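Here the structure is laid out as structure tokens; the discussion comes afterwards.
Scope of the values below: all heavy atoms of this structure, side chains included, with no hydrogens, waters or symmetry mates. Note that the coordinates shown come from a computational prediction; the quantities given were computed from them, not determined experimentally. Within every chain, numbering begins at 1; the chains are lettered A, B, ... in the order of the sequence lines, protein sequences first and strands thereafter.
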There are 2 protein chains.
Amino acid sequence: MTVRNDAEPTQQRRMSAVPTIHDVAAHAGVSPMTVSRVLAGGTSVRPAKMERVLAAVAELGYRKNENARSLRPGQRTGLIGVIITNVSNPYYAELQLGVEEVLSAENIRLLVGNSGEDPARERQLVADFIGRHVDGLIVVPTGGDTSHLSERSLGSIPLVLASRELEGIEADTVVIDDVKGAFEGTSQLISEGHTRIAYLGNMVSVFTSKRRYDGFEKAHKDAGIEVVPELVRAGQRDPATAQDAMEELLQLPDPPTAVFSANNRNTIGVLRALRSNALSFAQPGETAPRSDIRVVGFDNFELSDMMPFLLNVIEHDARELGRQAGKLLVRRLRENNNDAPRKVQLPTHLRI
Amino acid sequence: MTVRNDAEPTQQRRMSAVPTIHDVAAHAGVSPMTVSRVLAGGTSVRPAKMERVLAAVAELGYRKNENARSLRPGQRTGLIGVIITNVSNPYYAELQLGVEEVLSAENIRLLVGNSGEDPARERQLVADFIGRHVDGLIVVPTGGDTSHLSERSLGSIPLVLASRELEGIEADTVVIDDVKGAFEGTSQLISEGHTRIAYLGNMVSVFTSKRRYDGFEKAHKDAGIEVVPELVRAGQRDPATAQDAMEELLQLPDPPTAVFSANNRNTIGVLRALRSNALSFAQPGETAPRSDIRVVGFDNFELSDMMPFLLNVIEHDARELGRQAGKLLVRRLRENNNDAPRKVQLPTHLRI
DNA sequence: GCAGATTGTGGTAACGTTACCAACACGGCT
DNA sequence: AGCCGTGTTGGTAACGTTACCACAATCTGC
């Protein structure tokens, strides 16, 4: 039965603070090492002592201090950093949920940060997460300067890029098949006879936007028609600016007959513009607004099926994207290997 | 000019791993203490050395190891745990964003976990976060057993409850004025002449659900009418089950003429049920479904204004709720005081 | 009943950091 | 010249944990 020489302060601390392995050891009358062994799996510990230790753990409500544990060489923190551009976009909230689903099964916790599409903020978050010694990073990159995500900067911390690739960065990546999705959506419009199709999307500097525009363009090319330059509006990041852009398009002398919208923020803006346009021309007594403008939008979103206009969405599974990103990271962590980066591309589906 | 006796392994580590304060010290030709002082604010350090240290920090890309730092007594981790019930509900995603907005300004990072309304999972997350020595907790509690959130269990870790209170737990709390909101929404329906008003919501064991039901009931009482028991459906947690419940109500011999829905998940289910009902009775050629059933729903949600039926929502600001929760926690951390728990109640607004 | 193998246990050190104390240099003062 | 304060610097220890080693306790086989 050992007695700590500094039993007094420990006694005091126990009142308010988290118990340490020393407290458990003293309580069970063993050394801290024995406690550590019991918690590590209980090999080479006499059953009687093991029981005493477990009782002490339960009684004190002891939990390993993960921060102290991870300080020892070769130990992991059990933390990963997740940087998304904006959780308030339900698409990224789903992504976060998918990541958590996979990683919490591995008993890994998430440090979450929103970059808000700001490269400086992303860089700051990465630096902070490295300082906290995360075991890995899952990032939806904003693009621009990527040096903070380079192998030189991250050292041995595995990185998974989600939703967007980055030129010059070799890392596991999960993306969706933007080009094909946009191609199919646009082709649908063309097959219905439309030739003046508007495009609304984010800045082309964003990976997915560029790819979706490429698919939009390819569909035109394959059909032997040309994209109409004055109907292309890129740079809208939220429904409000998208609505403005769409209202502008509707004012044109020769407005588009169909719209391809490259993400859910833009689609919602388009629908709002169409409704305000339809209402301003509505007959008295007519309650349901109508519009003859066909809309196809990338990304599904909640209630897309309840919209008052005909709308087709190119749907894909954001939660699955998060799950896949999580799985790629877990695989890196488990195998600890230097395999070539893996690329996963998830399918899209045009919902009619 | 000191030279580390173990320069060899450090040299090797620097290739792949994160540099330590010793590496910086060696690089700048000073002791680790001087580096620490420079980074702590640079008091009592000769400008020349300070410059050398800062240069070394920049060159090596050194970042404090926050885990090691927080191990010292009296030091904080700069981490707080955020437990929400489900990020895929945009309401809670907004809440998370509001929390982050306030805490990232304080240079505090978020450990985020989803409880999925499962008390056991919540308990597990709390235990884990305590093990990581978070400086504080912001929790949307699921209810049920609350012992893991008791002062005895948390010790000195400050807790802020968001969106829901807990009986028997004394903690800073931010809620919205559920009772008043539900009262106003229901009163609106009653003032329009409705007397057979359905109620759809989550289980009454959930704090907000109970309060919203209370407001619903109070509006009836004040108007001198009675709640119709067979029109009350509680326990739907997602749109699908809410839709089922609403379809059931529509099948009743004497169906409701109005619906009060206690949260956005239920409102969406109600609208889906109304639409499928309207479509099944639609005349050939009629494209816009109609419904005579009046709906008022708690929580605003994106596109609520674009629904094909008349709908009033009781809106409130989830991001502001998150911000307030963050501010309450920051205040506790800063003042380190034992003030009585503060309660903040945010207003709702019936959108007509 | 004893040597030797085997298992169970504790001490020590180290992970990266910083509070505290001691030591040092340097200038100004008697 | 010697003393003392001020300002700057480094050594040491501790935070809570666990790998490694050494030793104690127990169990085999003769």
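Under the salt bridge (charged side-chain N to carboxylate O under 4.0 Å, His left out) criterion, the residue pairs touching residues 159-173 of chain B are Glu117(B)-Arg164(B), Asp172(B)-Arg332(B), with sequence neighbours excluded.
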When every nucleotide of nucleotides 22-28 of chain D is labelled 5' to 3' by its protein contacts under 4.0 Å (heavy atoms), B for base, S for sugar-phosphate only, - for none, what sequence of letters results?
----S--
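Counting heavy atoms from C-beta on, the side chains of Arg323(A) and Val99(A) never come closer than 4.5 Å. A heavy-atom distance below 4.5 Å is found between the side chains of Leu111(A) and Leu79(B). Residues Tyr62(A) and Leu39(A) have side chains in contact (heavy-atom distance under 4.5 Å, counting atoms from C-beta outward).
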Test salt bridge (Lys or Arg N to Asp or Glu O under 4.0 Å) on Arg331(B) and Asp339(B) and set out the steps.
CA-CA 11 Å; Arg331(B) 211 166 135 181; Asp339(B) 290 1; 5.5 Å; no
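Listed nucleotides: dG10(D), dG16(D), dT18(D). Nearest to the side chain of Ala68(A): dG16(D).
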Dot-bracket for DNA chain C, please, read 5' to 3', with Watson-Crick or G-U wobble pairs under 3.5 Å on both distances, ( ) within the strand, [ ] crossing, | other strand, . unpaired.
||||||||||||||||||||||||||||||
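Ion pairing between Arg109(A) and Glu66(A) fails under the 4.0 Å rule for side-chain N and carboxylate O.
Taking atom CD1 of residue Ile21(B) and atom C1' of nucleotide dA14(C), one finds them 17 Å apart after rounding to whole Å. We find that CZ of Arg37(B) is positioned 14 Å from P of dC21(C), with the value rounded to whole Å. Rounded to an integer number of Å, the gap from Leu71(A) CG to dT18(C) P is 12 Å. Atom pair Asn65(B):CG and dG16(C):C1' shows a separation of 6 Å (rounding to whole Å applied). Atom CE of Met33(B) and atom C1' of dA14(D) are 14 Å apart (whole Å). Rounded to an integer number of Å, the gap from Leu39(A) CG to dT18(D) P is 7 Å. The nearest whole Å value for the distance from the NE2 atom in His22(B) to the C1' atom in dT18(C) is 11 Å. The distance from atom NZ of Lys64(B) to atom C1' of dC15(D) is 16 Å, rounded to the nearest whole Å.
Contact check, Thr20(A) against dG16(D): no side-chain N or O comes under 4.0 Å of OP1 or OP2. For Ser31(A) and dG11(C), the shortest distance from a side-chain N or O to OP1 or OP2 is not below 4.0 Å.
Ranked by how close their nearest DNA chain C nucleotide is to the 5' end, Ala40(B) and Arg69(A) are led by Arg69(A). Map Pro73(A) and Val45(B) each onto its nearest nucleotide of DNA chain D; the residue landing nearer the 5' end is Val45(B). Comparing Pro47(B) and Gln75(A) by the nucleotide of DNA chain D whose heavy atom lies nearest to each, the residue mapping closer to the 5' end is Pro47(B).
The salt bridge (charged side-chain N to carboxylate O under 4.0 Å, His left out) search around Asp118(B) returns none, not counting sequence neighbours.
At distances below 3.5 Å, at least one donor-acceptor pair connects side-chain atoms of Arg76(A) with backbone N or O atoms of Leu333(A). Looking only at distances, a side-chain donor or acceptor of Asp135(B) sits under 3.5 Å from a matching main-chain atom of Thr77(B). Panel note: side chain Thr173(A), backbone Leu161(A); no donor-acceptor pair is recorded below 3.5 Å. Between the side chain of Ser70(B) and the main chain of Asn67(B), a donor-acceptor pair closer than 3.5 Å is present. Judged purely by atom type and a 3.5 angstrom limit, Asn89(B) has no side-chain atom pairing as donor or acceptor with the backbone of Asn86(B).
For dT18(C), its base sits under 3.5 Å from the side chain of Arg72(B) at one donor and acceptor pair at least.
Each of Val126(B), Ile80(B), Val160(B) was compared with Leu137(B) under the side chain to side chain contact (heavy atoms under 4.5 Å, CB included) criterion, and only Val126(B) meets it.
Residues from residues 126-133 of chain B with heavy atoms under 4.0 angstrom of DNA chain C: there are none. Residues from residues 48-59 of chain A lying near DNA chain D, meaning a heavy-atom separation below 4.0 Å, are absent.
Side-chain contact annotation: Ser147(B) with Arg123(B), donor-acceptor N/O pair under 3.5 Å present. Remark: the Glu100(A) side chain and the Gln96(A) side chain contain no N/O donor-acceptor pair separated by less than 3.5 Å.
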